[in-house]
Colleague: 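Would you mind keeping the following structure in view while I ask a few things?
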Amino acid sequence: MQKPIRKYKSHKCVIHDVATPKKTLDIFASVADDGYVKIWEPRSKQEIKSIQTKYPLTSVSFSLHGERIFAGGIDNEIKVINVGSAKVE
């Protein structure tokens with residue numbers, strides 16, 4: 001088994017998806033069964049924002065320029081999250 005290059009720890013449950021914006025690699029997002037969307041800064045390996053939802057999340061994607069995150073889960077809804085404010089729109 002290959003050893004991981006970096007570890008990012010914060011989720012309390014199984015992580016289902018990770019995404020980066022297409023135009024920048026300054027951040028990435030992860031979603032998990034704990035219902036959180038976590039926004040990370042790769043250079044510092046730190047979670048910079050955390051958005052809680054009511055249900056487990058299974059997929060995540062960024063808008064083209066990285067200003068919004070789209071997260072879907074078991075409630076059959078797509079949440080649109082503003083990266084700057086960390087609020088669901």
Side-chain angles (χ1 to χ4, degrees):
M1 187 168 160
Q2 191 173 12
K3 187 176 179 180
I5 296 171
R6 290 187 181 132
K7 290 183 182 179
Y8 298 84
K9 295 182 180 181
S10 181
H11 285 288
K12 304 295 183 218
C13 295
V14 174
I15 297 168
H16 287 288
D17 200 10
V18 175
T20 60
K22 296 195 183 315
K23 299 285 184 176
T24 180
L25 296 177
D26 293 340
I27 60 172
F28 71 91
S30 60
V31 295
D33 276 349
D34 59 10
Y36 280 92
V37 176
K38 305 276 186 174
I39 303 173
W40 303 85
E41 185 179 54
R43 286 185 215 139
S44 67
K45 294 196 274 185
Q46 297 295 312
E47 171 192 324
I48 55 173
K49 294 184 181 174
S50 183
I51 302 97
Q52 185 177 17
T53 65
K54 191 173 180 179
Y55 297 101
L57 298 168
T58 57
S59 62
V60 65
S61 183
F62 276 89
S63 61
L64 181 62
H65 296 287
E67 69 277 358
R68 287 184 177 72
I69 294 172
F70 305 98
I74 66 167
D75 61 349
N76 294 324
E77 291 184 1
I78 297 172
K79 282 98 175 133
V80 180
I81 300 163
N82 182 300
V83 173
S85 68
K87 303 275 186 204
V88 177
E89 296 181 345

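For reference, positions follow the sequence shown, starting with 1. Predicted model, so just to flag it, every value in this text is computed and none were measured.
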Colleague: Please name the pair of heavy atoms, one in G35 and one in L57, separated by the smallest distance, quoted to 0.1 Å.
Modeller: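 Looking at all heavy atoms of both residues, the shortest contact is O-CD1, 3.7 Å.
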Colleague: Please determine whether residues I48 and I81 belong to a single hydrophobic cluster, defined as Ile, Leu, Val, Met, Phe, Trp and Tyr linked transitively by side-chain heavy-atom distances below 4.5 Å.
Modeller: yes
Colleague: Is a donor from one side chain sitting under 3.5 angstrom from an acceptor on the other, for K38 and S10?
Modeller: yes
Colleague: Would a single hydrophobic cluster contain both I27 and I51, if residues Ile, Leu, Val, Met, Phe, Trp and Tyr are joined by side-chain heavy-atom contacts under 4.5 Å?
Modeller: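 Result: yes, single cluster for both.
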Colleague: Between R43 and D26 (salt bridge meaning N to carboxylate O under 4.0 Å), is one present in this structure?
Modeller: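 Salt bridge: yes.
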Colleague: Which label fits W40 and F28: parallel for a plane angle under 30°, tilted from 30 to 60°, or perpendicular past 60°?
Modeller: parallel
Colleague: What's the spacing between K22 NZ and L64 CG if we round to 0.5 Å?
Modeller: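 These two atoms lie 8.0 Å from each other.
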Colleague: Would you compute the distance between atom OG1 of T53 and atom CG of D75 and round it to the nearest 0.5 angstrom?
Modeller: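 That separation rounds to 7.0 Å.
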Colleague: Looking only at heavy atoms, what is the nearest atom pair of S85 and K49, with distance?
Modeller: N-NZ, 4.3 Å
Colleague: Side chain to side chain donor-acceptor pair (under 3.5 Å): which pairs involve residues 56-74, sequence neighbours left out?
Modeller: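 Of all non-adjacent pairs touching residues 56-74, those that pass side chain to side chain donor-acceptor pair (under 3.5 Å) are S63-E67, R68-E89.
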Colleague: Can you see which heavy atom on A32 is nearest to which on C13, and at what distance?
Modeller: CB-O, 4.2 Å
Colleague: Does V83 belong to the same Ile/Leu/Val/Met/Phe/Trp/Tyr cluster as V31, with side-chain heavy atoms less than 4.5 Å apart forming each link?
Modeller: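 Yes, it is one cluster - the side chains of V83 and V31 are joined through contacts under 4.5 Å.
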Colleague: Looking only at non-hydrogen atoms, find the nearest pair between A19 and F62 and report the distance.
Modeller: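 Here A19 and F62 meet closest at O-CE1, 3.3 Å.
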Colleague: Is there a path of hydrophobic side-chain contacts, each under 4.5 Å between heavy atoms of I, L, V, M, F, W or Y residues, that connects V88 with I69?
Modeller: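 Same cluster: V88 reaches I69 through Ile, Leu, Val, Met, Phe, Trp or Tyr contacts under 4.5 Å.
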Colleague: Through direct or indirect side-chain contacts below 4.5 angstrom among Ile, Leu, Val, Met, Phe, Trp and Tyr, which residues connect to F70?
Modeller: I78, V80
Colleague: Could you report the tightest heavy-atom contact between V60 and D17, atom names first, then the distance?
Modeller: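 Shortest heavy-atom separation between V60 and D17 comes out as N-OD2, 2.9 Å.
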Colleague: Could you check E47, E41, Q46 and say which one makes a side chain to side chain donor-acceptor pair (under 3.5 Å) with S44?
Modeller: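 Only one of E47, E41, Q46 forms a side chain to side chain donor-acceptor pair (under 3.5 Å) with S44, namely E41.
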